[in-house]
Amino acid sequence: MDAAATARTGAPQLRSFHEDREYNLMLLADFRRPMLWGTRGRLRSVAAAEALMLAGWKAILAGGAVGQPC
């Protein structure tokens with residue numbers, strides 16, 4: 001309840017809080033030699049790249065931003 005706004009308007013006023021969130025990601029992939037092996041038909045590096053891709057699209061669809069290092 002917002003007491004000051006209620007007193008000014010004469011009608012009950014509710015105060016709401018909307019937290020500002022930033023959903024920004026920096027995607028990094030490790031393609032060193034240990035990541036270039038795998039089991040079940042795919043490399044560890046490919047599995048990591050797919051996980052990064054899903055995280056990136058999730059951030060974009062939520063209104064965030066995705067970056068990559070230079």
Side-chain angles (χ1 to χ4, degrees):
M1 198 77 169
D2 187 352
T6 300
R8 281 193 310 272
T9 62
Q13 301 290 319
L14 294 177
R15 183 181 297 174
S16 62
F17 177 74
H18 299 284
E19 182 179 350
D20 292 334
R21 288 188 178 186
E22 290 187 18
Y23 196 18
N24 300 325
L25 293 179
M26 178 70 66
L27 303 178
L28 301 172
D30 181 9
F31 292 111
R32 291 178 294 164
R33 192 158 192 79
M35 294 293 286
L36 299 178
W37 65 274
T39 59
R40 295 189 197 165
R42 72 178 183 178
L43 301 174
R44 291 172 66 188
S45 58
V46 173
E50 289 174 353
L52 288 174
M53 179 265 313
L54 290 174
W57 278 112
K58 182 179 176 183
I60 290 170
L61 293 174
V66 176
Q68 63 183 21
C70 296

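Nearest heavy atom pair, residue L43 against residue M35, reads CB-O, 4.3 Å. Nearest heavy-atom pair, L25 versus A59, reported as atom, atom and distance to 0.1 Å: CD1-CB, 3.6 Å. Smallest separation of non-hydrogen atoms from P34 and R44: O-NH1, 3.5 Å. Pairing each heavy atom of L28 with each of L52, the nearest pair is O-CD1, 3.3 Å.
Qualifying salt bridge (Lys or Arg N to Asp or Glu O under 4.0 Å) partners for R15, counting only residues two or more places apart in sequence or in other chains: D2. With sequence neighbours left out, A47 forms a side chain to side chain contact (heavy atoms under 4.5 Å, CB included) with R42. By the side chain to side chain contact (heavy atoms under 4.5 Å, CB included) test, T9 pairs with A11, Q13, sequence neighbours left out.
Under the 4.5 Å side-chain heavy-atom criterion for grouping Ile, Leu, Val, Met, Phe, Trp and Tyr, L61 is not connected to L54 through any hydrophobic cluster. In the hydrophobic clustering of this structure, V46 does not group with W37; members are Ile, Leu, Val, Met, Phe, Trp, Tyr whose side-chain heavy atoms approach within less than 4.5 Å, directly or through other members.
Once rounded to the nearest 0.5 Å, the distance linking CG of L36 with CG of D30 reads 9.0 Å.
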